[in-house]
Amino acid sequence: MDTKENSHLSIAFWGDSLTEGFPGASYFEILKRRLPEYKLFNHGKGGDTIISLYQRLKRSHPNEPVDIAFLWVGVNDVFVKISSSYPIIKTINRQPWSREHEEFEHYYHLTLEILCQAANRVIIVPPLFMGEDINNSWNKEIEELSRIIEKASASYKNVEYLDLRKIILPKLNGKNISEYMPESATRVALDLIFLKQKEQIDKMSSERGLFFTLDGVHLNSTGAEIVADIFLETIKSLRG
């Protein structure tokens, strides 16, 4: 990869609350500690869907290209469907969501077109969980969006697909899987307000029978460490 000196490598992370870093644990903060010599930019925003992230990216349209951009979005386009309260919240927050797979694919490509101009290399990541029971109907929907994202990577020369699901999902094999789902918007809001420390997050995660997430979506400290490890390995592979 033809980049500037490693000490000046710039990396932008675009996404939703998983990138912003709350509720739950932050993989971005782990990367900041491990890569102090790099310029890391956190462009995560809680609740972002593929459409609202595209709109935000279009408004900001970065003027100075970064070396690497990570795009991790899509879970909120499924999240919005699990409870009647979430569409209301999305509407209030002006975060429209994709109603059909074709619409998701359309806006994903629009987003990539901007990012491909804003970064030398773009790493696209599929949404991970909608509950840690990977056989539930919502995770089947996540799987469909992941296929769309993987397919999109083939259309751009400077885009690479990072299959986070292929790496993490097998780690659930043989475990007693919890069916806990973030069906209550109030519960998610309370987690955001009251669970700030690693110990609090991991204690609640354990009480819910979860292994990598606080609530089936947002990461606990174990999940954040794994994601940070995977992203770090990807960065190292591209920085030569």
Side-chain angles (χ1 to χ4, degrees), residues 15-30 44-50 72-90 93 95 97-98 104 125-147 149 163-231:
D16 47 40
S17 56
L18 292 167
T19 294
E20 188 176 21
F22 50 89
S26 171
Y27 77 83
F28 180 83
E29 292 302 317
I30 297 171
K45 182 177 180 180
D48 253 355
T49 64
I50 185 57
W72 191 17
V73 69
V75 71
N76 282 301
D77 291 271
V78 180
F79 210 152
V80 74
K81 301 175 183 179
I82 72 172
S83 169
S84 59
S85 61
Y86 289 123
I88 297 172
I89 295 170
K90 286 282 181 289
N93 291 338
Q95 293 176 313
W97 61 96
S98 59
F104 181 90
V125 186
L128 186 55
F129 293 126
M130 181 54 67
E132 292 189 8
D133 177 6
I134 62 173
N135 294 314
N136 69 35
S137 60
W138 304 115
N139 277 316
K140 298 298 182 185
E141 179 70 8
I142 292 288
E143 188 175 342
E144 287 297 321
L145 297 188
S146 299
R147 280 195 280 266
I149 293 170
D163 196 345
L164 199 64
R165 288 168 55 82
K166 185 177 180 180
I167 300 170
I168 295 180
L169 295 190
K171 297 180 184 294
L172 288 169
N173 291 343
K175 297 185 183 298
N176 185 17
I177 303 301
S178 169
E179 295 182 356
Y180 186 91
M181 289 282 291
E183 295 178 345
S184 167
T186 301
R187 181 69 262 175
V188 174
L190 290 173
D191 287 350
L192 176 62
I193 294 169
F194 293 110
L195 303 181
K196 302 292 187 182
Q197 304 301 318
K198 171 184 174 181
E199 293 76 15
Q200 296 172 313
I201 293 166
D202 290 348
K203 182 175 183 291
M204 182 60 73
S205 172
S206 178
E207 289 176 0
R208 292 168 175 170
L210 300 166
F211 295 96
F212 303 121
T213 64
L214 166 63
D215 54 11
V217 174
H218 303 99
L219 303 172
N220 63 17
S221 67
T222 300
E225 288 282 353
I226 293 172
V227 170
D229 285 344
I230 295 168
F231 282 14

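Any value given below was found using the heavy atoms of this structure, including those in side chains, with hydrogens, waters and symmetry copies removed.
Counting only heavy atoms from C-beta outward, the side chains of Tyr27 and Ile226 never approach each other to under 4.5 Å. Within the 4.5 Å cutoff, the side chain of Val188 has heavy atoms near those of the Tyr86 side chain. Looking at Thr49 and Val80, their side chains never come closer than 4.5 Å, going by heavy atoms from C-beta outward. Side-chain contact between Gln95 and Trp97: absent, with no pair of heavy atoms (C-beta onward) separated by less than 4.5 Å.
Remark: side-chain polar atoms of Asn76 are not paired, donor with acceptor, to backbone N or O of Phe79 under 3.5 angstrom. Without hydrogens or angle criteria, Glu132 side chain to Leu210 main chain gives no donor-acceptor distance under 3.5 Å.
Annotation: Trp72 is not in aromatic contact with Phe28 [ring centroid separation under 6.0 Å not met].
Distance check: Asp191 CG to Leu214 CG gives 4.5 Å after rounding to the nearest 0.5 Å. The OG atom of Ser83 sits 7.5 Å away from atom CD1 of Ile89, with the distance rounded to the nearest 0.5 Å. With rounding to the nearest 0.5 Å, the separation of CD1 in Ile142 from CZ in Arg147 is 12.0 Å. The CH2 atom of Trp138 sits 15.5 Å away from atom CD of Glu143, with the distance rounded to the nearest 0.5 Å. Distance CD1/Ile134 to CG/Leu169: 5.0 Å, rounded to 0.5 Å. From Glu183, atom CD reaches atom OG of Ser84 across 11.0 Å, with rounding to the nearest 0.5 Å.
Classification of the Phe212-Phe129 ring pair by plane angle, with boundaries at 30° and 60°, yields parallel.
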Q | From CA spacing to verdict: side chain to side chain contact (heavy atoms under 4.5 Å, CB included), Leu128, Arg165 | A | CA-CA 6 Å; Leu128 186 55; Arg165 288 168 55 82; 4.0 Å; yes
Q.
side chain to side chain contact (heavy atoms under 4.5 Å, CB included), that's the test. Do Val227 and Ile168 meet it? Break it down for me.
A. CA-CA 9 Å; Val227 170; Ile168 295 180; 4.2 Å; yes
Q: Test side chain to side chain contact (heavy atoms under 4.5 Å, CB included) on Ile230 and Val125 and set out the steps.
A: CA-CA 11 Å; Ile230 295 168; Val125 186; over 6 Å; no
Q: Applying side chain to side chain contact (heavy atoms under 4.5 Å, CB included), run through Arg208 and Thr213 and close with a yes or a no.
A: CA-CA 10 Å; Arg208 292 168 175 170; Thr213 64; over 6 Å; no
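Taking all atoms of both residues into account, the shortest heavy-atom contact from Ile82 to Pro182 is CD1-O, 3.4 Å. Closest approach of Glu20 to Gly46, counting heavy atoms only: OE1-N, 2.6 Å. The two residues Ser17 and Pro23 make their nearest non-hydrogen contact at CB-CD, 4.5 Å. Minimum heavy-atom separation, Gly131 to Asn139: O-ND2, 2.8 Å. Counting all heavy atoms, side chain and backbone alike, Asn135 lies closest to Lys140 at O-CE, 4.0 Å. In this structure, Gly74 and Leu145 approach most closely via the heavy-atom pair O-CD1, 3.7 Å.
Within 6.0 Å of CD on Glu179 lie no more than 12 heavy atoms contributed by other residues, nucleotides or ligands. When the shell of 6.0 Å around CG of Asn176 is examined, it contains 12 or fewer heavy atoms from other residues, nucleotides or ligands.
Under a cutoff of 6.0 Å and an axis angle of 45°, Lys175 and Phe211 form a cation-pi pair.
A salt bridge is defined here as a Lys NZ or Arg NE, NH1 or NH2 lying under 4.0 Å from an Asp or Glu carboxylate O, and Lys203 with Glu199 fails to meet this definition. Of the charged side-chain nitrogens involved, at least one lies within less than 4.0 Å of a carboxylate oxygen, so that Glu141 and Lys81 count as a salt-bridged pair.
Screening Val78, Asp77, Val73 against Phe104 for a side chain to side chain contact (heavy atoms under 4.5 Å, CB included) leaves a single residue, Asp77.
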